[in-house]
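Just so we're clear, the structure is a prediction, and the values are computed from it rather than from any experiment. Keep in mind that the numbers below use all heavy atoms, side chains included, and drop hydrogens, waters and symmetry copies. In this chain, residues are counted from 1 in sequence order.
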Amino acid sequence: MAGPLAGIKVIEMAGLGPCPFCAMMLADMGAEVIRIERKTAPGAATPFPMLGTKYDVLARGRRSLALDLKQPAAQAIALDLIAKADVVLEGFRPGVMERLGLGPDPCLARNAALVYGRVTGWGQGGPLAQAAGHDINYIALTGMLHAMGRADAPPAPPLNLVGDFGGGGMMLAFGVVCAVLEARSSGKGQVVDAAMTDGAALLGAMMYGLRAQGGWSGGREANLLDGGAHFYDTYACADGKFVSVGAIEPQFYALLRKLAGAEDAAFDAQMDPAGWPLLTDKLAALFARRTRDEWCALLEGTDACFAPVLDLDEAPRHPHNAARGTFVEVDGVLQPAPAPRFSRTVPALGGAPARPGQHSAAVLKDWGWDEAAIALLGEQGVI
């Protein structure tokens, strides 16, 4: 594999959401990631129909080993693999891996330099550690969900980007790489405890700073970046499509006014929050006069801080995204490309998501098992 993480070996205990997202990020960067999945009967129901198919984009770029983890022999295989790895990733409730005999203690006893990455909603400790939850609950506890949405409506769920992927999977990937770098010099591994509550709170660092300084109110749609300011919002066009503007700096705001024809003197008081609701209405009426394409022809590519609001079908076709290769096609499935970009250690695009257990024999052979032992494990139903 090419990429900045080439040579790093990762064992991923397959799960949902943030853990596979983290594993995808590491695999995208060239790490060898082996995905350990639970061995199930053919045709067994899955929580989501896309799992185990080419549409499970979060599973791209790694091989799959299916184990019947109820069998001690399968647990022993997992432990043997972890002993040869740099990283193990898991996203189960606290205690699940320990009950499988694969918690941090036995793994670090076998591999002193192992980085043991764990991602959960509430974290490994605390009063809520054992409670069920999802992204929306975790970001609710951090104050971030309360800040999102319109003032006359309940807080708006921001997809599961803030908790699962930003505050969870991405923070775990960052923590794991930090710990691997440290282990290279110390020879000692450690546990990385990535809680989505911690990560989502950290993503809101700037807002907490503004709040402490007095520059962020407690309400929604009342602040600079939450739709309160007329110059930082989205607007409907004549064709029912939408555009976004983010002209915060005075020179960009002046250009937006000039190009859009916002000549009303009321727009002069850009930073007076008392006037924002009226100016929002004025801009809304202005943008409603033209179609989205007409506004793009006038504003896109200028310093007016403008972009069309594209849907999931339009975004991959936009000329900027096409020029940068922001989206790629893998086995006929259009999906976001690996990010960020590297000037020298350019990662190779990983393969399509594997079927559960697709590479069981090949993985064991590559990691040191002989063919007779692999055949016996298959006969015993361990793999």
Side-chain angles (χ1 to χ4, degrees), residues 1 3 5 8-38 40 44-67 85 87-93 96 117-121 133-136 138-139 157-177 192 194-196 199-200 203 312 315-316 325-340 347-359 363:
M1 294 291 287
L5 295 183
I8 300 294
K9 292 187 173 184
V10 180
I11 299 298
E12 171 201 1
M13 306 301 294
L16 299 174
C19 190
F21 183 79
C22 172
M24 180 195 74
M25 290 184 66
L26 300 180
D28 282 349
M29 293 299 109
E32 179 185 359
V33 182
I34 302 301
R35 183 174 168 91
I36 294 182
E37 308 200 51
R38 291 181 182 269
T40 57
T46 61
F48 302 99
M50 67 183 287
L51 295 179
T53 73
K54 67 179 183 179
Y55 304 106
D56 186 10
V57 172
L58 297 187
R60 73 184 181 196
R62 48 239 205 238
R63 294 189 290 174
S64 171
L65 164 64
L67 295 175
V87 177
V88 62
L89 302 174
E90 67 97 356
F92 306 122
R93 284 202 213 188
V96 171
R118 322 189 81 169
V119 59
T120 56
H134 277 295
D135 175 288
I136 194 170
Y138 310 138
I139 65 173
L159 302 181
N160 62 329
L161 302 178
V162 179
D164 277 351
F165 301 136
M170 194 172 293
M171 290 294 178
L172 178 62
F174 172 68
V176 160
V177 171
V192 178
M196 287 177 250
L203 293 175
L312 296 179
T326 301
F327 295 87
V328 294
E329 190 171 294
V330 179
D331 196 17
V333 178
L334 193 63
Q335 55 198 269
L349 183 63
R355 300 186 308 277
Q358 180 178 341
H359 307 105
V363 166

- prompt: What are the two closest non-hydrogen atoms of P356 and A66, and how far apart are they?
  reply: C-CB, 4.4 Å
task: State, yes or no, whether a side-chain contact exists between P158 and I139 at a heavy-atom distance under 4.5 Å.
output: yes
task: List in chain and number order the residues that pass ring-ring contact (aromatic ring centres under 6.0 Å, His included) with F165, two or more places apart in sequence or in another chain; answer none if no residue qualifies.
output: F21
- prompt: CG of D28 to CG of L5: how many Å apart, nearest 0.5 Å?
  reply: 10.0 Å
message: Any heavy-atom pair between the side chains of I11 and V87 that's under 4.5 Å?
response: no
message: Can you confirm whether L89 sits close enough to V10 that some side-chain heavy atom of one is under 4.5 Å from a side-chain heavy atom of the other?
response: yes
- prompt: Does atom CZ of R355 have more than 12 heavy-atom neighbours, drawn from other residues, nucleotides or ligands, at distances under 6.0 Å?
  reply: no
message: Please determine whether the number of non-hydrogen atoms from other residues, nucleotides or ligands lying under 6.0 Å from atom CZ of F174 exceeds 12.
response: no
What donor-acceptor contacts under 3.5 angstrom involve side-chain atoms of residues 12-19, with partners at least two apart or in another chain?
from, atom 1, to, atom 2, distance (Å)
E12, OE1, R62, NE, 2.8
E12, OE1, R62, NH2, 3.3
E12, OE2, R35, NH1, 2.6
E12, OE2, R62, NH2, 3.3

task: Report the residues that fulfil salt bridge (Lys or Arg N to Asp or Glu O under 4.0 Å) with R118, sequence neighbours left out, ordered by chain and then residue number.
output: E90, E98
message: Determine whether S64 and Q358 satisfy the following criterion, side-chain hydrogen bond (donor to acceptor under 3.5 Å, both in side chains), listing intermediate values before the conclusion.
response: CA-CA 6 Å; S64 171; Q358 180 178 341; over 6 Å; no
- request: Report the residues that fulfil side-chain hydrogen bond (donor to acceptor under 3.5 Å, both in side chains) with D164, sequence neighbours left out, ordered by chain and then residue number.
  value: N160
Side-chain heavy atoms of C22 within contact of V119, under 4.5 Å: no
For residues 329-337, which side-chain N or O atoms pair as donor and acceptor with protein atoms under 3.5 Å away, sequence neighbours left out?
from, atom 1, to, atom 2, distance (Å)
Q335, OE1, R60, NH1, 3.0
Q335, NE2, V333, O, 3.0

message: Looking at F92, I'd like to know if its CZ atom is crowded, meaning that more than 12 non-hydrogen atoms belonging to other residues, nucleotides or ligands lie closer than 6.0 Å.
response: yes
- prompt: Does L203 have any side chain to side chain contact (heavy atoms under 4.5 Å, CB included) partners at least two apart in sequence or in another chain, and if so, which?
  reply: V162, M171
- line: Nearest heavy-atom approach of V33 to A23 is CG2-O, 4.0 Å
query: Rounded to the nearest 0.5 Å, how far apart are CD1 of I8 and CD of E32?
result: 11.0 Å
task: Evaluate the side-chain proximity of P157 to I136: yes if any heavy-atom separation is below 4.5 Å, no if none is.
output: yes
- request: Would you give the length of the straight line joining atom CG of D56 to atom CE of M50, rounded to the nearest 0.5 angstrom?
  value: 4.5 Å
Test item: D135 side-chain N/O and G163 main-chain N/O as donor-acceptor pair under 3.5 Å: yes
